[in-house]
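Being a predicted model, the structure only gives us computed values, none of them experimental.
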Protein chains: 2
Amino acid sequence: MPAPHDSRTGQPPTLRDVAERAEVSAMTASRVLRDDPRVLPATRDRVRAAAAALGYRPNEVARSLRLGRGTGLVGLVVTNLANPFYSRLALGVDSVVAADGLKTVIGNTGQDPDVERDLVADLVARRVDGIIAVPAGSGQSHLAAAAAEGVPVVLASRPPEGFAADCVLVDDFGGARAATALLLARGHHRVGFLGSPPAVYTGTERLRGYHAAHAAAGLTADPRLVRQGQTEPAEAERAAAGLLALAEPPTALFCSNNRNTIGAFRAVRATGTDTALAGFDDFELADALGLPLTLVTYDSDELGRTAGRLLVERVRERRGGDVGGHRRVVMPTGLVEYGS
Amino acid sequence: MPAPHDSRTGQPPTLRDVAERAEVSAMTASRVLRDDPRVLPATRDRVRAAAAALGYRPNEVARSLRLGRGTGLVGLVVTNLANPFYSRLALGVDSVVAADGLKTVIGNTGQDPDVERDLVADLVARRVDGIIAVPAGSGQSHLAAAAAEGVPVVLASRPPEGFAADCVLVDDFGGARAATALLLARGHHRVGFLGSPPAVYTGTERLRGYHAAHAAAGLTADPRLVRQGQTEPAEAERAAAGLLALAEPPTALFCSNNRNTIGAFRAVRATGTDTALAGFDDFELADALGLPLTLVTYDSDELGRTAGRLLVERVRERRGGDVGGHRRVVMPTGLVEYGS
DNA sequence: CTGTTAGCGCTTTCAT
DNA sequence: ATGAAAGCGCTAACAG
């Protein structure tokens, strides 16, 4: 364990300090520390020894300024990291970009569009190498602006609106349609819908799927059974309880994300009805709830990894490659049945 | 929506570009953009207009290099962001530091000590303003080195070893002892223990609590009922199944974290025994499992926020304040009973 | 193989 | 009220 730095000053050692100690120029020290081969082995050793003795670490801030190449950071903009969907996404992204030496900066917006705007602007000012975002839904002009400044942008689970960017989507429409169709095929003719606020892309796509399944079965969904706007389980539970308390309650519920599914589950259990339950997104312990539960599943880790991969390719591109036009990856969904 | 930058070049506009367009020196432009009052209102307006027209954003990399003040980033080092414990911590930390204009960089180690070392070194090289870490357990010399270089370090849920740093802890010992005591008081004399690898601080503290409860009741825990080393629910399930298959199986299990509790729950349900279950950490849907479950709880969001607060105070201190000696905050625990 | 010069974008210091 | 010079730590580009 070398002394971290010269104790005369509280400042970390600089390249100059290393160079002086090794009695070479800063340039030679720089070469050695970047493994440039054109240095005499003896000099190399002296420099290495000096660096080790001082506990020298190159200042990455200075390097990125000099190299003009960005900071080796990627911004990840999400609404709520405590939601397991987003934390898995974050992990998937980080695992991929870390392999390229990039670090992930998190930006949690808490659903606030103003926070989201500021966050993106700040990430751009910080010269991140790219941004992966799951925009909350009320406009993407801030992302468009970032893209226009040359910062690669990748959207996860929502498509770009009004500008071009890579994105990874889930087959929201198809998955929701399949799950709803299953409920209808089992004889449920009154199927309720619980979903996120209408401005959220995935929510409206999944609602479209719900309606499409009805249409395919020659049915029309009762609009009174559609409740949008719930973001947290507690809200979803109230909304579900409201549906179950109707004079003609639904005999089944389709929930457009895991927050709504969990809320609906609580409402059904509390009410004691045998309402059938289906939802989008798998979640931990879904199999252990003691109620039959049909879920639309997809590989959520792969979603994050794919987003990371798309971004990394763009970052490499800026350093010389060429990926070509913007890509749109759609992840397939499956159906899983839990409970007895 | 202003044009993001001059389209002649793909480069974002610099202060010079703004200055030229406003026909002032870079210095004056800089003053205006930092709201330095000593500028003629007319000039100010010209500069503001130029900046807006170009879509100028100050280069934060250059600023931090010049100001020598760090980057406005804090590093968060955890083992597994997909674990809800860590994602809540991350959110708590971020919510506090964001209020001070700081961003959180995530470093996910995946339990690998080498990755952890590299990560910390890299964060230091990137000149983060501070580091919040939940070290995996095999040595903290890398954190000590960071602290020695003057980077504020705050540890969450583990105390510093071999160096001084602020930390936030949970009352691991007391919580585990209370939960175990409850099981013993209910007549369980064979209580199993499921926990993380022995190198993990929280695991061993909680094991200590488990033993202390036995001692206080005049009992000695059967060492064959102690299983350490499970990190994921699947491993924990196997370990629990092993205990339940013993000739003299435990009649109750105490699990030292949520991963182990979930695994134990699965094993108990699969076996169909009426083994009593207790564990450390609350988790979503713990109340919905249909089995009685006693959990040691604490405010995990507050844990993250406290860590963030301790760090922010140190960061401010480096800019002139004085917080004094290193602090150790211990969060109290409670006991919750779920299930019928 | 090694060193000198110059400058990334910004701001502090010292003029004017 | 404004500007010129210098430099944060580092590294391309060019000497020698």
Side-chain angles (χ1 to χ4, degrees), chain A residues 5-6 9-48 50-51 54-72 124-127 129 149 319-320, chain B residues 5-6 9-48 50-51 54-72 124-127 149 319:
Chain A
H5 57 82
D6 195 323
T9 144
Q11 301 310 308
T14 73
L15 189 60
R16 263 185 136 76
D17 299 328
V18 174
E20 279 176 19
R21 194 175 221 270
E23 303 183 284
V24 295
S25 76
M27 203 48 238
T28 302
S30 172
R31 288 200 181 94
V32 171
L33 295 165
R34 269 174 309 122
D35 293 316
D36 188 317
R38 308 175 305 175
V39 180
L40 213 59
T43 331
R44 186 203 325 271
D45 293 345
R46 279 217 316 290
V47 173
R48 290 234 172 91
L54 295 172
Y56 172 76
R57 307 275 329 175
N59 183 330
E60 291 297 334
V61 176
R63 297 192 85 230
S64 24
L65 179 59
R66 176 65 242 235
L67 300 177
R69 263 209 233 129
T71 48
V124 173
R126 288 190 132 89
R127 299 305 192 262
D129 281 326
E149 290 211 25
R319 312 201 275 235
Chain B
H5 57 83
D6 195 323
T9 142
Q11 300 310 306
T14 73
L15 188 61
R16 262 186 138 77
D17 298 328
V18 174
E20 278 175 19
R21 195 175 219 271
E23 301 183 286
V24 295
S25 75
M27 205 42 244
T28 302
S30 172
R31 287 201 182 93
V32 171
L33 296 165
R34 268 170 313 121
D35 293 313
D36 187 317
R38 309 176 303 176
V39 180
L40 215 57
T43 332
R44 187 203 322 273
D45 294 344
R46 280 219 316 292
V47 172
R48 289 233 172 92
L54 295 173
Y56 172 76
R57 308 274 330 176
N59 183 330
E60 291 297 334
V61 175
R63 296 192 88 227
S64 22
L65 179 60
R66 177 66 241 237
L67 300 176
R69 260 209 238 131
T71 47
V124 173
R126 289 191 131 89
R127 297 305 192 264
E149 289 210 27
R319 311 202 275 232

- Item | Segment of DNA chain C, first to last nucleotide, that comes within the 4.0 Å heavy-atom reach of chain B | C:dG9 to C:dT12

- Query: At what angle, to 10 degrees, do the two end axes of the helix from C:dC1-D:dG16 to C:dT16-D:dA1 meet, given five pairs define each axis?
  - Reply: 40°

- Message: Within residues 61-71 of chain B, which residues have any heavy atom lying less than 4.0 Å from an atom of DNA chain D?
- Response: B:Leu65, B:Arg66

- Query: When all nucleic acid strands are considered with a 4.0 Å heavy-atom cut-off, which category describes A:Arg34: base, sugar-phosphate, or nothing?
  - Reply: sugar-phosphate

- Give one of base, sugar-phosphate or nothing for B:Leu15, where a contact means two heavy atoms less than 4.0 Å apart. base

- Criterion salt bridge (charged side-chain N to carboxylate O under 4.0 Å, His left out) on A:Asp36 and A:Arg34, from CA distance to verdict: CA-CA 6 Å; A:Asp36 188 317; A:Arg34 269 174 309 122; 5.5 Å; no

- Measure the CZ-OG distance between B:Arg66 and B:Ser30 for me, rounded to the nearest 0.5 Å. 10.0 Å

- Rounded to the nearest 0.5 Å, what separation is found between the OG1 atom of A:Thr28 and the CG atom of A:Leu15? 9.5 Å

- What integer distance in Å separates A:Arg38:CZ from D:dC14:P? 13 Å

- Shortest non-hydrogen contact from B:Ser64 toward B:Gly70: CB-O, 3.1 Å

- Query: Does the pair B:Val24 and B:Val47 meet the rule for a side-chain contact (heavy atoms from CB on, under 4.5 Å), with working shown?
  - Reply: CA-CA 8 Å; B:Val24 295; B:Val47 172; 3.9 Å; yes

- Item | Minimal non-hydrogen separation, A:Thr14 against A:Tyr56, with atom names | C-CE1, 3.5 Å

- Query: When rounded to the nearest 0.5 angstrom, what distance separates CZ in A:Arg126 from CG in B:Asn59?
  - Reply: 11.5 Å

- Query: Which whole-number value in Å describes the distance from B:Arg126 CZ to D:dC10 C1'?
  - Reply: 16 Å

- A:Arg31 vs B:Arg31, nearer the 5' end of DNA chain D by closest nucleotide: B:Arg31

- Item | Spacing of CG belonging to B:Leu33 relative to CZ belonging to B:Arg48, to within rounding of 0.5 Å | 8.0 Å

- Query: So does B:Thr43 get a side-chain nitrogen or oxygen closer than 4.0 Å to the phosphate oxygens (OP1/OP2) of D:dA1?
  - Reply: no

- Message: So, taking the atom named CD in B:Glu60 and the one named OG1 in B:Thr71, what distance separates them when rounded to the nearest 0.5 Å?
- Response: 10.0 Å

- Task: Report the distance from atom CD of B:Glu149 to atom CZ of B:Arg127, rounding to the nearest 0.5 Å.
- Result: 7.0 Å

- B:Met27 CE to D:dG7 C1', straight-line distance once rounded to whole Å: 14 Å

- Message: Just N and O in the side chain of A:Ser30: are any of them under 4.0 Å from OP1 or OP2 of D:dC10?
- Response: no

- B:Arg44 with B:Asp35: basic N within carboxylate O range, under 4.0 Å: no

